[in-house]
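Here's the structure, in structure tokens; my notes come after.
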Amino acid sequence: MELFGSREERQILSSDIQPLRFTVKEFTQKIKQILDFGLPYVWIEGEVANLSHSQNGNLYFSLVEEEATIKALIFKTDKRSSLGDFELKNGHKVLAFGKVNFYPRSGEVHFIVKKVELLGIGRLIAKKEALLKKYRDLFAREKKPIPTFPRVVGLVTSLFGAAIEDFLKVARESYGAKVLVYPVKIQGEGAEKEILQAVKDINEHFPEVEVNVIARGGGSFEDLAPFYSEELILGLSQSCIPIISAVGHEIDVTLCDLIADKRCSTPTSAAKELFPEKDRILQHLDLLRRKLKKSIDIHLTAYERELAKTKVELIKRSPQHNLQKLETHIEALKSALRLTLMQRLNSLEKKAEELKRRLWVNSPQTRLKLLEERVRSLRLLLLSLSPLKPLERGYALIKSYPEGKVVRKAKEVSTENRLEILFADGKIIVQVLSVDTNSGGSNE
Amino acid sequence: MNEERELDLERAIKEVERIIKELERKDLPLDEALKLFEQGLELIHLCEERLKQARLKVEVILKKGEKFELTNLDLAKELIKNEGERP
């Protein structure tokens, strides 16, 4: 372009030759003619990009290779015949059969695709998708568990690849299992048949094998074809011995990976999966030993505690202990009894005291004394009230004589009556000479 | 070493793990616990001995008609190389 645009352009412009002259329409027609006749139906190899499903049903995409691109399209009516069952996707490497067409109206060139064949990964992926669909149940079946620390491992691989070296290198660092290598062709035509036969033979003739590893080292993606074969997945699914597939590729998980009981990305990782490093096992054993000791310690401690408890119980139940307990009990009873007795005694004493007091109060002696006292006071009272008392002050008591009746009034006396006059110091007997009731000392 | 008599590491380790689980039961009688403990220690010891002597054994299965032969890796490589048709 640049060449043409620079030197050739200058040459033409500077020469006398007149360049052809077109209208746009004429020129586009010219291009169309050249393309139609110059480029018949061809195969183009490229990668699918910018895929878009148009509303009109056509499929538009670009076929690209590094810096080069060509627009491509599959007409709605050609889709079935050109693609078949598979779905075209961006990134697919394809071989497209068709013809270029120039559209004068838009000035664009399109490669009209009539047939698409997938190449490389695309082809395998398409095949895989179809088989995954077809054998959905087979892929969904329950996987067999991979034994830990297997003693005998079957290794299905080539003797001359990197896979066997990588695998055995890891295995040597482990606990010392036995690896039975079944040499097979791991790539190219017929590889799947050999792999299948190996798995079958090991199943039938080497029952000591606990797990089979199908291993493949690096290699191009195209070499993976055997691991996408229908025959292989059907055969492997029959194996009674669990299978580890280590044939995968970074780009894709193969059907062999999917049908196997376990998938490992490399032979090394498969070996690591099966054979833990010796040191790790030793560490694990050490951990187990510590756990074991810890649990027996727990038992012993519990037992010791139980023993101590039993000892205490035993002491509690010993005759000596019982005797002691009895003694203490008796002692307690004794003091309780003593206390009760003392209380009782005290109260009796109190009662006796009270009785004594009451007895004392009521004793004949006391009463006699009291009576004496009373008599004495009565006597004094009597004495103070004696009618003879006033006699001491010069009065005299007059009584009739001999009757002895107290004479209070003059009129009680008649002349010639005899009277007895009592004085303090004695008495006299007199005879009444006269009685005069009008004069007298008293009011009466 | 005799294949049959060789210690199954997986089984031995699982057995130790089972013993530990059993030992974790609180109601286990002491004499039984002690017996299990000794068994566990013995198994761990055997595993360690087994690991000390561990050596990977590699054999190649060669099919001769309907029969199989076991041979060592180097010899197998030689044989197959000479045959020129095997992988």
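Proteins get letters first, then strands, A, B, ... in listed order; numbering begins at 1 in each. Values reported hereafter were calculated over all heavy atoms of this structure, with side chains retained and with hydrogens, waters and symmetry mates removed.
Heavy atoms closer than 4.5 Å to chain B are found nowhere in A:Ala302, neither backbone nor side chain. In this structure, chain B has no heavy atom under 4.5 Å from any part of A:Gln187. Neither the backbone nor the side chain of A:Leu155 comes within less than 4.5 Å of any heavy atom of chain B. B:Phe37 touches chain A through backbone and side chain together, each having a heavy atom under 4.5 Å away. Only the side chain of B:Leu30 comes within contact range of chain A, with heavy atoms under 4.5 Å apart. Residue A:Lys293 touches chain B through both its backbone and its side chain, counting heavy-atom pairs closer than 4.5 Å. At a 4.5 Å heavy-atom cutoff, the contact between A:His299 and chain B is made by backbone and side-chain atoms alike. For B:Leu34, the parts lying near chain A are the backbone and the side chain together; criterion is any non-hydrogen pair under 4.5 Å.
Salt bridge annotation for B:Lys35-B:Glu32: absent, with no cationic side-chain nitrogen under 4.0 angstrom from a carboxylate oxygen. Using a 4.0 Å cut-off between charged side-chain N and carboxylate O, A:Arg289 and B:Glu48 make a salt bridge.
Taking the six-membered ring for Trp and the full ring otherwise, A:Tyr182 and A:Phe206 have centroids separated by 6.0 Å or more.
Side-chain contact between A:Thr157 and A:Pro267 is absent, with no heavy-atom pair separated by less than 4.5 Å. Side chains of A:Ile244 and A:Val153 form no contact here, defined as non-hydrogen atoms less than 4.5 Å apart.
Residues A:Val247 and A:Ala215 share a closest heavy-atom pair of CG1-C, 4.1 Å.
With chain A as partner, the option from B:Ile13, B:Leu73, B:Val58, B:Ile44 having the largest number of non-hydrogen pairs under 4.5 angstrom is B:Ile44. Highest contact tally toward chain A, considering only B:Glu24, B:Arg55, B:His45, is held by B:Arg55 [criterion: heavy-atom pairs under 4.5 Å].
Between A:Tyr175 and A:Phe149, the ring planes lie perpendicular to each other; the angle is over 60°, past the 30° to 60° tilted range.
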